[in-house]
Amino acid sequence: MQKQPVLGIDIGGSGIKGALVDLEAGDFATERVRIPTPAESTPANVAAVVAEIVSGFAGQMGDGPIGVTIPAVVTHGITRSAANIHKSWIDAPAERIFEERLGRDVVLVNDADAAGVAEVKFGAAKGNDGLVLMTTLGTGIGSALIYRGVLIPNTELGHLEIDGHDAETQAAASVKTALDLSYDEYVPRLQRYYEVVEALFWPDLLVVGGGVSKAADKFMPKLKLKTPIVPAHLRNRAGIIGAAWLAVDKQQHPERAS
Ligand code: BGC
């Protein structure tokens with residue numbers, strides 16, 4: 001797809017991570033760099049950290065766009081929500097803020113969307129030409145819906161209202177930690193979540209990412225679903241790899257809306 005490595009950056013609640021990505025191999029071309037997320041994680045403060053990461057890779061990459069993920073809805077470069085991040089991201093022209101700070105093109109995407117694209121192109125859903133639904137179980141629940149290799153962005157299925165609750169407040173991995181639940185105690189929450197999701201979307205494959213996917217054998221076999229469900233392969237590399245892939249995809253198809 002692209003010979004020169006492309007920088008992907010993953011903005012999370014505790015760390016901002018970046019690596020150059022080899023998009024032929026679908027993997028990192030360098031070590032990953034991590035800088036803690038600033039305590040006051042406003043767009044300007046986060047952009048300063050992103051600039052530090054970018055300057056560390058100067059000279060090793062071309063002048064094309066870099067891909068950046070954010071745990072928010074992103075439409076046309078504007079961040080529209082802030083479920084688990086600083087509220088100043090709501091309606092911020094975030095892509096432009098990054099571009100002005102960095103002096104280069106930036107493609108800003110939702111974190112789960114980037115992870116889902118990476119899993120479809122290079123990971124657990126590679127080669128699946130149907131409807132793939134990736135969910136990331138972390139502080140919140142992120143989702144990525146990909147049909148025949150094409151991302152349908154900003155699905156936000158962590159915020160489905162289920163049994164009167166915002167779903168991620170019941171089934172995110174952070175809830176397991178906060179309530180000190182065993183996997184057996186956590187499974188019914190995931191069961192309820194995924195049975196609603198599959199009844200509404202009927203995917204061909206469910207991919208589960210986020211830190212808990214490392215322990216997939218402790219909960220996945222206990223879920224009773226109609227849809228095959230598999231753990232993510234790329235783990236914490238997925239966001240960075242997917243961001244780089246989406247940056248190049250946008251550069252090659254500028255006519256597409258985003
Ligand atoms: C946010 C999503 C994000 C997910 C995972 C949710 O709370 O609304 O945009 O993808 O958390 O970080």
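Position 1 is the first residue of the sequence; numbering continues from there. What you are looking at is a predicted structure, and each value in this text was computed from that prediction instead of being measured. Read the numbers this way: they start at 1 and go in the same order the structure lists the ligands and their atoms.
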**Study point:** Distance in Å, I240 CD1 paired with I9 CD1, rounded so as to fall on 0.5 Å steps
**Key:**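 Here the rounded value is 8.0 Å.
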Check your understanding: Distance from L133 atom CG to T155 atom OG1, nearest 0.5 Å?
Key ->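 If we round to the nearest 0.5 Å, L133:CG and T155:OG1 are 7.0 Å apart.
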Check your understanding: Any N or O of E156 that comes nearer than 3.5 Å to an N or O of ligand 1?
Key -> yes
Review point. Does an N or O from N84, backbone or side chain, lie closer than 3.5 Å to an N or O of ligand 1?
Key: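 Yes - when backbone and side-chain N and O of N84 are compared with those of ligand 1, one distance drops under 3.5 Å.
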Review point. Hey, is D113 one of the residues with a heavy atom under 4.0 angstrom from ligand 1?
Key: no
Check your understanding: Is A72 in contact with ligand 1, taking contact as a heavy-atom separation below 4.0 Å?
Key -> yes
Review point. Is there side-chain contact between I66 and F57, with at least one heavy-atom pair below 4.5 Å?
Key: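 No - every pair of side-chain heavy atoms lies 4.5 Å or more apart.
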Point to revise | Contact check, side chains of L160 and L200, non-hydrogen atoms, under 4.5 Å | key: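 Yes, side chains in contact.
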Practice item. For the residue pair Y183 and F219, categorise the inter-ring angle as parallel (less than 30°), tilted (30 to 60°) or perpendicular (more than 60°). Key: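 It falls in the parallel class, under 30°.
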Check your understanding: Nearest protein heavy atom to atom 5 (C) of ligand 1, by residue and atom, and its distance?
Key ->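 Going by distance alone, atom 5 (C) of ligand 1 is nearest to D111 OD2, 3.5 Å.
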Those atoms of ligand 1 less than 4.0 Å from some heavy atom in [X]:
X: P71; result: 9 (O), 12 (O)
X: I141; result: 4 (C), 6 (C), 11 (O)
X: E168; result: 6 (C), 7 (O), 11 (O)
X: H159; result: 1 (C), 6 (C), 7 (O), 8 (O)
X: G142; result: 4 (C), 5 (C), 10 (O)
X: N110; result: 2 (C), 3 (C), 9 (O), 10 (O)

Practice item. Evaluate side chain to side chain contact (heavy atoms under 4.5 Å, CB included) for N236 paired with R32, printing each intermediate quantity in order. Key: CA-CA 10 Å; N236 60 8; R32 192 182 76 143; 3.8 Å; yes
Check your understanding: Picking from V132, V230, T227, what satisfies side-chain contact (heavy atoms from CB on, under 4.5 Å) with L206?
Key -> T227
Review point. Under 3.5 Å, side chain of S182 to main-chain N/O of E185, donor-acceptor pair present?
Key: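 Here the side-chain-to-backbone pair exists.
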